[in-house]
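Notes for the one structure printed next.
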Number of protein chains: 2
Amino acid sequence: MAKKTYLPHLAYDSVIFGFSDGELKILIMEYHNTGLFALPGGFVQTNENLNDAVLRGLHERTGITNIYLEQFYTFGDMARFKPEVMQTLLEANGIDVKGEYKWMLDRFVTVAYYALINYKDVTPRPDALSDSCEWYPIKKLPKLILDHKLIVEKAIQTLRDNLDRKLVGGNLLPKKFTMNELQKVYEAILSVKLRRTTFQRKMLAADVLKRHEKQFLGKAHKAPYLYSFKK
Amino acid sequence: MAKKTYLPHLAYDSVIFGFSDGELKILIMEYHNTGLFALPGGFVQTNENLNDAVLRGLHERTGITNIYLEQFYTFGDMARFKPEVMQTLLEANGIDVKGEYKWMLDRFVTVAYYALINYKDVTPRPDALSDSCEWYPIKKLPKLILDHKLIVEKAIQTLRDNLDRKLVGGNLLPKKFTMNELQKVYEAILSVKLRRTTFQRKMLAADVLKRHEKQFLGKAHKAPYLYSFKK
DNA sequence: TCATTATTGTCTCAATTTGTAACAATAATA
DNA sequence: TATTATTGTTACAAATTGAGACAATAATGA
């Protein structure tokens with residue numbers, strides 16, 4: 001088998017959103033023996049579509065296929081070129097930075113994507129260089145390397161801007177969900193409290209939801225309907 | 001002086017919007033002796049910010065500085081890798097494709113930007129490889145190379161999506177303009193007729209316009225106010 | 001068995017925003 | 001000085017959204 005070769009100077013990073021305990025969370029990796037935290041990312045093979053590279057990486061990290069994925073910005077400032085960070089990272093793994101992996105110390109332009117996934121579908125897997133790949137609430141992120149904090153902020157901003165227009169909130173939930181669960185997702189993304197009746201009316205009027213059977217949870221009150229997104 | 005070196009495999013393309021005769025137009029270049037049309041684009045120097053590379057290219061092509069510029073998507077499919085196109089282009093200029101310019105036949109990922117400029121401020125300048133750099137109405141574009149048509153369509157779509165949110169229409173006009181001129185810009189971008197009174201009310205309520213003196217054009221009716229954008 | 005409790009789906013009415021038309025106020029013209 | 005075309009503003013209707021009320025449940029427990 002031919003050795004995989006990657007496009008030099010080009011990377012991708014992914015902001016993978018999940019929702020649990022009423023909070024919006026993202027997957028963050030911690031590198032071996034360094035205390036350094038970063039977004040899951042990777043490189044693009046020379047004969048591979050950019051989008052496919054990202055899907056491949058996401059699959060490796062989460063085990064999921066069929067992911068809602070959106071490209072939102074490409075970061076190309078010189079300020080993000082800090083070879084000493086990557087060097088620390090490689091050396092902590094006993095890799096000779098003068099050898100085969102020398103190219104990883106070069107300047108990189110990174111294409112950033114965000115993904116929306118159902119929290120429960122995922123078993124995060126660290127890669128060869130990392131200790132862990134774990135969920136962090138967006139309000140309690142560890143310090144991230146390079147410009148990854150900026151990338152996360154831009155991802156959240158774009159998600160907010162797209163939320164109403166694309167009605168993508170449902171991608172953070174299981175196939176079927178209650179109106180209340182959907183509302184909590186919207187509230188977590190927008191960081192605001194929404195009015196129950198107005199939210200319900202808007203979602204129903206948008207004509208994107210299909211109503212299913214009721215969900216009986218054994219609680220002493222009326223059971224809510226389950227919904228799924230149409231199509 | 002050290003020779004300029006560029007990041008391999010990485011390019012940018014710019015969709016430069018202007019407005020005249022009630023139409024939205026973009027700048028298209030025609031390459032020497034080929035009949036090939038393309039978006040103005042370029043490459044990123046190894047020690048240069050990505051955004052600065054685009055601004056540099058825009059300045060070279062239009063003579064303008066201080067341009068409203070927005071990055072909107074990065075195109076990285078293998079389908080856009082067609083070395084024969086670039087080869088045609090270079091050979092038509094008598095350039096040996098086995099020599100110094102060999103790297104231009106490689107696969108490229110391109111970061112696409114759109115710019116909004118005042119039509120009158122521009123004297124389009126072709127570059128070394130092109131015959132012309134001219135305005136074309138977006139509804140009457142020539143056939144473009146590679147995926148440049150797709151890039152233009154995505155630029156227009158993004159511009160439409162951002163128009164209300166960012167109120168950027170004014171960047172296509174001179175500093176001072178009448179409400180009617182501004183409305184015509186919005187109509188051209190959105191491809192719809194807008195209602196005069198509603199448009200005026202909305203723009204004034206948005207509190208982004210500053211009202212100046214009236215504009216007397218010698219017409220037999222009330223003269224409109226001139227406006228500029230605040231800040 | 002039947003009132004109690006918490007939450008849901010829907011309805012009502014008020015408040016706000018938007019659609020639509022009317023109208024008075026011009027700048028030039030004839 | 002009446003006429004013309006276009007402008008800025010107002011007035012009212014229509015549509016949308018805000019805010020609360022209320023009946024309809026599922027369980028609970030006296």
Side-chain angles (χ1 to χ4, degrees), chain A residues 19 21-22 160-161 163-167 169-170 173-230, chain B residues 19 21-22 160-161 163-167 169-170 173-230:
Chain A
F19 179 77
D21 303 322
R160 281 182 186 154
D161 291 345
L163 191 58
D164 268 15
R165 193 150 44 82
K166 304 194 173 179
L167 290 168
L173 291 171
K175 280 230 169 46
K176 292 184 181 178
F177 47 83
T178 66
M179 194 60 81
N180 192 275
E181 290 167 338
L182 187 61
Q183 181 176 341
K184 284 191 163 44
V185 167
Y186 274 68
E187 288 177 340
I189 294 175
L190 299 173
S191 261
V192 294
K193 270 275 169 198
L194 299 176
R195 188 161 281 270
R196 185 179 64 91
T197 53
T198 309
F199 180 78
Q200 178 135 337
R201 177 170 53 189
K202 190 171 92 178
M203 291 309 297
L204 292 179
D207 195 39
V208 294
L209 295 179
K210 192 172 155 194
R211 180 177 279 181
H212 299 277
E213 73 282 6
K214 289 189 173 184
Q215 183 190 52
F216 299 92
L217 288 178
K219 296 291 178 57
H221 55 75
K222 194 172 176 180
Y225 288 107
L226 287 170
Y227 296 89
S228 65
F229 275 86
K230 285 184 179 173
Chain B
F19 179 77
D21 303 323
R160 280 182 186 155
D161 291 346
L163 191 58
D164 268 15
R165 194 151 45 81
K166 303 193 175 181
L167 291 168
L173 290 171
K175 279 232 168 46
K176 292 185 182 179
F177 46 83
T178 66
M179 193 60 81
N180 191 276
E181 289 167 338
L182 187 61
Q183 182 178 341
K184 284 191 161 48
V185 166
Y186 274 68
E187 289 176 341
I189 293 175
L190 299 173
S191 261
V192 294
K193 268 276 169 198
L194 299 176
R195 189 163 281 272
R196 183 180 64 92
T197 52
T198 310
F199 181 79
Q200 177 136 338
R201 177 169 52 191
K202 191 172 90 178
M203 292 308 298
L204 292 179
D207 195 38
V208 292
L209 295 180
K210 192 173 156 196
R211 181 178 279 181
H212 299 275
E213 72 281 6
K214 290 190 172 183
Q215 182 189 54
F216 300 92
L217 288 178
K219 297 289 179 58
H221 55 74
K222 193 173 175 179
Y225 288 107
L226 286 171
Y227 295 89
S228 66
F229 275 86
K230 284 183 183 175

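Convention: sequence-line order gives letters A, B, ...; per-chain numbering from 1.
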Enter the distance from [X]:[atom1] to [Y]:[atom2] here, rounded to the nearest 0.5 Å.
| X | Y | atom1 | atom2 | result |
| --- | --- | --- | --- | --- |
| Arg196(A) | Lys193(A) | CZ | NZ | 12.0 Å |
| Lys176(B) | Ser228(B) | NZ | OG | 7.0 Å |
| Leu226(A) | Lys210(A) | CG | NZ | 12.5 Å |
| Lys184(B) | Phe19(B) | NZ | CZ | 8.0 Å |
| Lys202(B) | Leu194(B) | NZ | CG | 7.0 Å |

Nearest whole Å is fine: how far is [N] [atom2] from [X] [atom1]?
| X | N | atom1 | atom2 | answer |
| --- | --- | --- | --- | --- |
| Phe199(B) | dT7(D) | CZ | P | 13 Å |
| Glu181(A) | dT8(C) | CD | P | 10 Å |
| Tyr225(A) | dT7(C) | OH | C1' | 14 Å |
| Gln200(A) | dC11(C) | CD | P | 11 Å |
| Leu204(A) | dC11(C) | CG | P | 11 Å |
| Gln183(A) | dT7(C) | CD | C1' | 13 Å |
| Glu213(A) | dA26(D) | CD | C1' | 16 Å |
| Leu226(B) | dG8(D) | CG | C1' | 14 Å |

Under 3.5 Å between N/O atoms: give me all the protein pairs with nucleotides 12-14 of chain D, atom names plus distance.
none

Donor-acceptor pair, side chain of Arg211(A) and main chain of Tyr225(A), under 3.5 angstrom: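 Not a single qualifying donor-acceptor pair exists.
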Test item: Gln200(B) side-chain N/O and Thr197(B) main-chain N/O as donor-acceptor pair under 3.5 Å: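 Checking the backbone N and O of Thr197(B) against the side chain of Gln200(B), no donor-acceptor pair under 3.5 Å is found.
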Worked verdict on Phe177(A) versus Tyr227(A) for ring pair (Phe, Tyr, Trp, His ring centres under 6.0 Å): CA-CA 5 Å; Phe177(A) 47 83; Tyr227(A) 296 89; 7.1 Å; no
N/O to N/O distances under 3.5 Å, protein versus nucleotides 22-28 of chain C:
residue: dT26(C); atom: O2; partner: Lys222(B); partner atom: N; Å: 2.7
residue: dA27(C); atom: OP1; partner: Lys214(B); partner atom: NZ; Å: 2.2
residue: dA27(C); atom: O4'; partner: His221(B); partner atom: O; Å: 2.9
residue: dA27(C); atom: N3; partner: Ala220(B); partner atom: O; Å: 3.3
residue: dA27(C); atom: N3; partner: His221(B); partner atom: N; Å: 2.7
residue: dA28(C); atom: OP1; partner: Gly218(B); partner atom: N; Å: 3.2
residue: dA28(C); atom: O4'; partner: Lys219(B); partner atom: O; Å: 3.4
residue: dA28(C); atom: O3'; partner: Gly218(B); partner atom: O; Å: 3.3

Set of side chain to side chain donor-acceptor pair (under 3.5 Å) partners for Gln215(A), sequence neighbours left out: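 Result, side chain to side chain donor-acceptor pair (under 3.5 Å) vs Gln215(A): none returned.
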Arg195(A) vs dA19(D): side-chain N/O to OP1/OP2 distance below 4.0 Å: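 For Arg195(A), the contact criterion (side-chain N or O under 4.0 Å from OP1 or OP2 of dA19(D)) is met.
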